[in-house]
Number of protein chains: 2
Amino acid sequence: MNGTGTAAEDRVFAALANATRREVLRLLRERGPQPVQALADHFDMRRPSLSEHLKVLREAGLVSERRSGRQRLYRLEAAPLADVQDWLHPYERFWRERLKGLGDLLDRMPDDERS
Amino acid sequence: MNGTGTAAEDRVFAALANATRREVLRLLRERGPQPVQALADHFDMRRPSLSEHLKVLREAGLVSERRSGRQRLYRLEAAPLADVQDWLHPYERFWRERLKGLGDLLDRMPDDERS
DNA sequence: ACAATAGGTAGGCAGTTCCCTACCAGTCAA
DNA sequence: TTGACTGGTAGGGAACTGCCTACCTATTGT
């Protein structure tokens, strides 16, 4: 039924369901790998809380850490986002067809329907 | 098309962070609009719980309901999924480059490891 | 060795999620 | 109207989130 596993998909979507964590991903995307403190400086939040967000991202596979002296550099790992795009694929025709105004026609096709 | 605020994105990702709700979307995608009972038959869960899942999907804009007699037909609304795809776009180069083994090179490019 | 720095962990607390059982309202058929 | 059938709502409980402060280890400079 699933290649990645349902629990893994849950973790990725749940990790993305938080503005702070999406912002962390954006920072890593735009600035490259960052230590925790550099990330924490951008949020109105204590560092331990950000550490917990990083843990959620790590367990979802969205970031990796590399120790460098007393710092830990967090790096964006985009593979789970590629999985999200794959997951979206079968839905793509729905929003494309809807834009062309074919949605109502489609509604009647698989089931008895009217609009 | 919409005011894609942070709260709206939170709601969409949170709605997707649950296997039951993703399965509902898959059923609506594959079978077209469905009444609640037809959906509930596919889950090991009481109907009121599924009703709550449908409410979450509705508030995320991922489904719409249309009353038809004593039934309510739920239909897939893919627009928020298009928004998710848009959100993914800036990350796309990361997994493409990673596949080519350019990741480590890229890590050093945008930032000079300020430490 | 000592003090400072980087960052994870423990535990607490309020709010949310996800399931349940009861119950309520609207619609159709006899 | 009564009764069956649709599906949402109320309220409760266990588990999880997301924030905090306090504390711990590990590394580095003096």
Side-chain angles (χ1 to χ4, degrees), chain A residues 6-25 27-28 31-60 62-75 111-114, chain B residues 6-25 27-28 31 33-60 62-76 111 113-115:
Chain A
T6 293
E9 258 178 349
D10 278 10
R11 274 195 297 273
V12 172
F13 281 119
L16 296 177
N18 177 283
T20 297
R21 290 192 292 261
R22 289 194 304 276
E23 179 73 0
V24 167
L25 295 180
L27 289 170
L28 295 179
R31 308 183 179 183
Q34 301 278 312
V36 176
Q37 194 58 58
L39 293 168
D41 289 345
H42 286 79
F43 298 97
D44 184 22
M45 179 183 299
R46 305 287 165 226
R47 193 192 37 71
S49 301
L50 187 68
S51 254
E52 284 159 13
H53 282 304
L54 290 170
K55 184 180 186 180
V56 172
L57 290 168
R58 229 186 303 121
E59 290 175 346
L62 286 161
V63 303
S64 60
E65 75 161 39
R66 181 168 59 82
R67 263 157 257 237
S68 168
R70 62 185 124 179
Q71 302 193 129
R72 301 182 190 199
L73 292 176
Y74 278 83
R75 183 173 67 181
D111 199 65
D112 294 321
E113 175 80 42
R114 197 240 132 226
Chain B
T6 291
E9 260 179 346
D10 278 10
R11 274 195 297 273
V12 173
F13 281 119
L16 297 177
N18 177 282
T20 298
R21 290 191 292 261
R22 289 195 304 276
E23 180 73 1
V24 167
L25 295 180
L27 290 170
L28 295 179
R31 309 185 179 182
Q34 301 278 312
V36 175
Q37 194 57 59
L39 294 169
D41 288 344
H42 286 79
F43 298 97
D44 183 21
M45 179 184 298
R46 305 288 164 228
R47 194 193 36 71
S49 301
L50 186 69
S51 254
E52 284 158 13
H53 283 304
L54 290 170
K55 184 179 186 179
V56 172
L57 290 168
R58 228 185 303 123
E59 290 175 346
L62 286 160
V63 303
S64 60
E65 75 159 40
R66 182 167 62 80
R67 264 156 256 237
S68 170
R70 63 184 122 180
Q71 303 192 129
R72 300 182 190 198
L73 292 176
Y74 277 83
R75 183 172 68 180
L76 176 65
D111 194 70
E113 305 202 356
R114 25 137 3 179
S115 54

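Just so it is clear: chains get the letters A, B, ... in the order the sequence lines come, proteins before strands, and each one is counted from 1. Predicted, not measured: the structure shown is a model, and the values here were computed from it.
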**Student:** Does a side-chain N or O of A:N18 approach OP1 or OP2 of D:dT17 to a distance below 4.0 Å, or not?
**Tutor:**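 Looking at the OP1 and OP2 atoms of D:dT17, neither is under 4.0 Å from any side-chain N or O of A:N18.
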**Student:** Within the structure shown, what part of the strands sits under 4.0 Å from A:E52 by heavy-atom distance: base, sugar-phosphate, or nothing?
**Tutor:**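 Base contact - A:E52 has a heavy atom under 4.0 Å of at least one base atom.
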**Student:** For A:R22 and B:F13, what are the C-alpha separation, side-chain angles and deciding distance, and is it a side-chain contact (heavy atoms from CB on, under 4.5 Å)?
**Tutor:** CA-CA 11 Å; A:R22 289 194 304 276; B:F13 281 119; 3.8 Å; yes
**Student:** Let's test your reading of the model: under 3.5 Å, does the base of C:dC28 pair with the side chain of B:Q71 as donor and acceptor?
**Tutor:**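 Absent.
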**Student:** Touch check for B:F43, heavy atoms < 4.0 angstrom, all strands: base, sugar-phosphate only, or nothing?
**Tutor:**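 Here B:F43 touches no strand at all.
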**Student:** Without decimals, in angstroms, what is the distance between B:L39 CG and D:dT6 P?
**Tutor:**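 About 13 Å, once rounded to whole Å.
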**Student:** After noting the C-alpha distance and the side-chain angles of B:L27 and B:H42, does the key distance pass the side-chain contact (heavy atoms from CB on, under 4.5 Å) rule?
**Tutor:** CA-CA 9 Å; B:L27 290 170; B:H42 286 79; 4.1 Å; yes
**Student:** Under 4.0 Å, counting only non-hydrogen atoms across every strand here, what does A:R67 touch: a base, just sugar-phosphate, or nothing?
**Tutor:**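 A:R67: no heavy atom of the nucleic acid under 4.0 Å.
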**Student:** Between atom CZ in B:R46 and atom C1' in D:dG13, what is the gap in whole Å?
**Tutor:**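 Roughly 17 Å, once rounded to whole Å.
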**Student:** Once you round it to whole Å, what is the distance between P of D:dT9 and NE2 of B:H53?
**Tutor:**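 For the pair B:H53 NE2 and D:dT9 P, the rounded distance is 15 Å.
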**Student:** For the pair made of CG in B:L73 and P in D:dT6, what is the distance, rounded to whole Å?
**Tutor:**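 From B:L73 CG to D:dT6 P: 13 Å.
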**Student:** Of the nucleotides C:dC19, C:dT9, D:dG7, which has the atom closest to the B:S49 side chain?
**Tutor:**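 Shortest atom-to-atom distance from the side chain points to C:dC19.
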**Student:** Nearest to the side chain of B:R72 - C:dG7, D:dG7, D:dC20?
**Tutor:**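 Of the candidates, D:dG7 comes closest.
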**Student:** Has the side chain of B:R72 got a donor or acceptor atom that lies under 3.5 Å from a matching backbone atom of B:E65?
**Tutor:**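 Checked: no pair found.
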**Student:** On DNA chain D, check which nucleotide each of B:S51 and A:R70 is closest to and give me the residue with the more 5' one.
**Tutor:**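 This one resolves to B:S51.
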**Student:** Whole angstroms only, please: what is the CE-P distance between B:M45 and C:dT21?
**Tutor:**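 Result: 12 Å.
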**Student:** Just the rounded figure in Å: distance from C1' of D:dG8 to CG of B:L57.
**Tutor:**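 For the pair B:L57 CG and D:dG8 C1', the rounded distance is 15 Å.
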**Student:** Quickly work out the B:L54 CG to D:dG7 P distance and round it to whole Å.
**Tutor:**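 From B:L54 CG to D:dG7 P: 10 Å.
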**Student:** Nearest whole Å is fine: how far is C:dT9 C1' from A:E65 CD?
**Tutor:**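 Those two atoms, CD and C1', are 14 Å apart.
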**Student:** For A:E52, which residues count as a salt bridge (Lys or Arg N to Asp or Glu O under 4.0 Å) partner, sequence neighbours excluded?
**Tutor:**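 Here no residue qualifies.
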**Student:** Does a side-chain N or O from A:Y74 land closer than 4.0 Å to OP1 or OP2 of C:dA6, or not?
**Tutor:**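 It does not, given that no N or O in the side chain of A:Y74 lies less than 4.0 Å from OP1 or OP2 of C:dA6.
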**Student:** Report the residue (A:R47 or A:A17) whose heavy-atom-nearest nucleotide on DNA chain D is the more 5′ of the two.
**Tutor:**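 It is A:A17 whose nearest nucleotide is closer to the 5' end.
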**Student:** Taking side chain as C-beta onward, heavy atoms only, is A:V56 less than 4.5 Å from A:L62?
**Tutor:**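 No, side chains not in contact.
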